[in-house]
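This report refers to the structure that appears directly beneath it.
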Amino acid sequence: MSTNPASPSTNDDASETTAVGKGRATPTRAEQEAARRRPLVANTKEAKAAAKAELNERRARAQAGMAAGEEKYLPVRDKGPQRRWVRDYVDAGWHPAEFVMGVMVLVILASLLPTNMMISFYAYIVMMGYLVIAIGGMVLLGMRVKRKAAAKFGKERLERGLGWYAAMRALQMRFMRLPKPQVKRGQYPD
C-alpha cells in the first residue's frame with residue numbers, strides 16, 4: 001500500500017476570482033504616527049487667552065450663582081427645598097454663635113494688653129461662658145429646626161442632618177455665609 005498524499009482538488013471557480021488590493025501602498029509606521037500627531041491644546045496665544053477668559057467667565061458665573069442661591073450652582077450639601085428652608089430660617093434670626101469670632105478677637109486683644117493679668121483671666125472666663133451660651137444656642141436651634149421642618153415637610157420625608165446644617169450656618173458670621181442670605185432678619189419662612 002502506497003500512501004500518496006491527497007492531491008489538491010482542482011476548483012475552477014477559485015481560479016476565476018482574483019484578489020483585489022486596497023489600491024495604495026501600506027504607509028510606514030513613521031507616516032502613520034505623523035498622521036495621528038496633533039496638538040492636544042491649541043498653542044496660539046489667542047487661543048490660550050480665549051480659553052482662559054472663557055474659564056474665568058464660567059467661574060465668575062458659578063460663584064455669582066452660588067452666592068445668589070441658584071440651585072444648579074450649589075454644592076450637594078446645600079441643594080434641595082428643605083436645605084433652602086433651613087438657610088432662610090437661620091438667616092432670619094439672631095444667634096449668639098455668629099458672634100463667637102468677634103468675641104475671640106476681643107479676648108485675644110485683651111490678653112495682649114500688658115497692664116494686668118487679671119484682665120486676661122476675666123476675658124478668658126467671659127469667652128468660655130460665651131462659648132457655652134453659643135453652643136447651647138446651636139443645639140436649641142438644631143432641635144427647633146428639625147421640629148419645624150418635620151411639621152412642614154413631613155417627618156417621614158425629613159432629610160438627615162438638617163439640625164447640624166442649621167447649627168453650622170448659625171456659627172458663620174452673616175456676611176460670610178454662602179449662599180448669601182436671601183431673607184432679612186425677622187422674615188422667617190412659612
Next on the checklist: Show the nearest heavy-atom pair for residues Ala110 and Ser120, with the distance to one decimal.
Outcome noted: O-OG, 3.6 Å
Checklist outcome for this item: For Lys180 and Phe175, the nearest pair of non-hydrogen atoms, with its separation, is NZ-O, 3.0 Å
Checklist entry - Same cluster or not: are Met104 and Tyr124 linked, directly or through other Ile, Leu, Val, Met, Phe, Trp or Tyr residues, by side-chain heavy atoms under 4.5 angstrom apart? => result yes
Item to check | Which atom of Asp88 lies closest to which atom of Gln182, heavy atoms considered | outcome: OD1-CB, 4.0 Å
Item to check | Non-hydrogen side-chain atoms of Arg83 and Val86 separated by less than 4.5 Å | outcome: no
Checklist entry - Phe153 vs Trp85 aromatic rings, parallel, tilted or perpendicular, using cut-offs 30° and 60°? => result perpendicular
Checklist entry - Of the non-hydrogen atoms in Pro181 and Asp91, which two are nearest, and what is the gap between them? => result CA-OD2, 3.2 Å
Next on the checklist: As an exercise, state the distance from CD1 of Ile125 to CE of Met128, rounded to the nearest 0.5 Å.
Outcome noted: 8.0 Å
Item to check | Residues Glu70, Arg61; criterion salt bridge (Lys or Arg N to Asp or Glu O under 4.0 Å); working and verdict | outcome: CA-CA 11 Å; Glu70 293 180 35; Arg61 177 66 190 124; 2.9 Å; yes
Checklist entry - Under 3.5 Å, is there a donor-acceptor pair between the side chain of His95 and the main chain of Gly137? => result no
Checklist entry - In Å, rounded to the nearest 0.5 Å, how long is the span from NZ of Lys52 to CG of Leu55? => result 9.5 Å
Next on the checklist: Could you check whether any side-chain heavy atom of Val107 comes within less than 4.5 Å of a side-chain heavy atom of Val126, counting everything from C-beta outward?
Outcome noted: no
Checklist entry - So, the side chain of Tyr73 versus the backbone of Ala67: is there a donor-acceptor pair under 3.5 Å, distance only? => result no
Next on the checklist: Nearest 0.5 Å, please: how far is NZ in Lys152 from CZ in Arg157?
Outcome noted: 10.5 Å
Checklist entry - Within 45° of the axis and under 6.0 Å from the centre of the six-membered ring of Tyr165, does NZ or CZ of Arg77 qualify? => result no
Item to check | Met117 vs Phe121 side-chain heavy atoms within contact, under 4.5 Å | outcome: no
Item to check | Where Lys146 and Gly163 come nearest, the two heavy atoms and their spacing | outcome: CG-N, 3.8 Å
Checklist entry - Going only through I, L, V, M, F, W and Y residues with side-chain contacts under 4.5 Å, is there a path from Val145 to Met138? => result no
Checklist entry - Hey, any chance Val103 and Met173 share a hydrophobic cluster, counting ILVMFWY side chains that come within less than 4.5 Å of each other, even indirectly? => result no
Next on the checklist: Against Thr26, only a single residue in Arg29, Lys22, Arg24 fulfils side chain to side chain donor-acceptor pair (under 3.5 Å); can you say which?
Outcome noted: Lys22
Next on the checklist: If I take atom CG from residue Leu171 and atom CE from residue Met176, how far apart are they, to the nearest 0.5 angstrom?
Outcome noted: 10.5 Å
Next on the checklist: Do Met127 and Phe99 land in one hydrophobic cluster if side-chain heavy atoms of ILVMFWY residues count as linked below 4.5 Å?
Outcome noted: yes
Item to check | Closest non-hydrogen atom pair between Arg185 and Glu98, with its separation | outcome: NH2-OE1, 3.0 Å
Checklist entry - Applying the 4.5 Å side-chain criterion to the ILVMFWY set and letting contacts propagate, would Ile133 and Ile135 be lumped into a single cluster? => result no
Next on the checklist: Less than 4.5 Å apart, side chain to side chain, heavy atoms only: is that true for Pro179 and Leu74?
Outcome noted: yes
Checklist entry - Can Arg58 and Glu54 be counted as an ion pair, charged N to O under 4.0 angstrom? => result yes
Checklist entry - In Å and rounded to the nearest 0.5 Å, what is the CD1 to CG distance from Ile119 to Leu112? => result 12.0 Å
Checklist entry - Any donor and acceptor pair, going by atom type alone, linking the side chain of Arg87 with main-chain N or O of Arg169 inside 3.5 Å? => result no
